[in-house]
Amino acid sequence: MKNDSKSIEDIKAIRKIMEESSRFISLSGLSGIFAGLTAIAGALVAYFVILDNGSIHLDEYFRNLSEKELITLRWQLIADAAIVLVLSVMFALYFSIRKAKKDRKNVWTPASKRFLINLLVPLTTGAVFIIVLLYQNNVQLIVPCFLIFYGLALVNACKFTFGEIFYLGIFEIITCLISAFVPGWGLLFWIFGFGVLHILYGVVMYRKYEV
């Protein structure tokens with residue numbers, strides 16, 4: 001019996017080592033929560049400051065602007081989204097490094113490299129495509145594109161980290177498809193997709209793996 005117990009413990013230890021070598025497990029739920037809060041803050045800045053309480057219907061609001069005003073507004077919204085992205089990445093790095101130190105693990109591993117590469121390929125493709133949409137003034141498709149490329153990136157990278165990332169990606173894709181049928185409500189779908197879903201995901205991850 002003692003030998004059987006030792007064998008089971010050895011198998012569990014081997015499985016744990018293999019899992020840690022093939023999956024990036026330093027991803028923190030707190031990074032999801034703060035990314036969600038940052039996305040909501042960015043949307044509120046866009047509505048109350050950049051759009052000056054203009055309209056939730058972005059396509060209607062844009063149609064009432066001159067070409068010069070449209071160019072200025074476009075760059076302001078790009079800057080807002082870029083700040084949200086930078087802050088979200090900084091939160092992700094900070095909380096992941098903190099979690100790795102707490103667990104006495106390295107953040108930069110072969111698994112984290114594979115995770116990052118699989119995440120960045122769809123995200124980079126989406127970023128270029130969104131720039132094309134901005135250039136062509138197809139503003140009603142920008143938020144759906146943000147959502148779907150982000151969702152595809154999560155689904156693509158989920159095999160190198162926690163499985164919950166897959167479900168977050170699926171919900172992002174579903175949110176994108178719904179928003180594509182309701183053009184003009186981009187800010188609300190941004191808040192739900194990047195804000196609410198991230199916060200819910202972060203809470204689940206934190207309670208499951210970090211409490």
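Computed from heavy atoms alone, side chains included, the values below leave out hydrogens, waters and symmetry copies. The first residue of the sequence shown is numbered 1, and numbering continues consecutively from there. On a predicted model such as this, the values are computed, not experimentally measured, just so you know.
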State the [atom1]-[atom2] distance between [X] and [Y], to the nearest 0.5 angstrom.
X	Y	atom1	atom2	result
Leu152	Thr125	CG	OG1	10.0 Å
Glu172	Thr175	CD	OG1	6.0 Å
Ile199	Tyr206	CD1	OH	15.5 Å
Leu119	Phe160	CG	CZ	11.5 Å
Ile97	Ser31	CD1	OG	11.5 Å
Tyr150	Leu168	OH	CG	5.5 Å

Locate the shortest heavy-atom distance separating [X] from [Y]; write the atom from each residue and the value.
X	Y	value
Ile148	Ile173	O-CG1, 4.3 Å
Val143	Gly186	CG1-O, 3.5 Å
Leu133	Cys145	CD1-SG, 3.4 Å
Ser179	Pro144	OG-CG, 3.4 Å
Leu77	Ala46	CD2-CB, 4.0 Å
Gly42	Asp80	O-OD2, 2.7 Å

Checklist entry - In terms of ring plane angle, is the pair Tyr201 and His198 parallel, tilted or perpendicular, where the classes change at 30° and 60°? => result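 Judged by the thresholds at 30° and 60°, the geometry between Tyr201 and His198 is perpendicular.
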Item to check | Geometric class of the Trp190/Phe146 ring pair [parallel <30°, tilted 30-60°, perpendicular >60°] | outcome: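 The arrangement is perpendicular - the two ring planes meet at more than 60°.
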Within one Ile-Leu-Val-Met-Phe-Trp-Tyr cluster: [X] and [Y], side-chain cutoff 4.5 Å:
X	Y	answer
Phe95	Leu85	no
Ile40	Phe48	yes
Leu188	Val182	yes
Val204	Phe34	no
Tyr167	Leu177	yes

Next on the checklist: Please identify which of these residues, Ile33, Thr38, Leu37, meets the side-chain contact (heavy atoms from CB on, under 4.5 Å) condition with Phe91.
Outcome noted: Thr38
Checklist outcome for this item: Which of Val196, Leu147, Leu154, Leu197 passes side-chain contact (heavy atoms from CB on, under 4.5 Å) with Phe171? Answer is Leu197
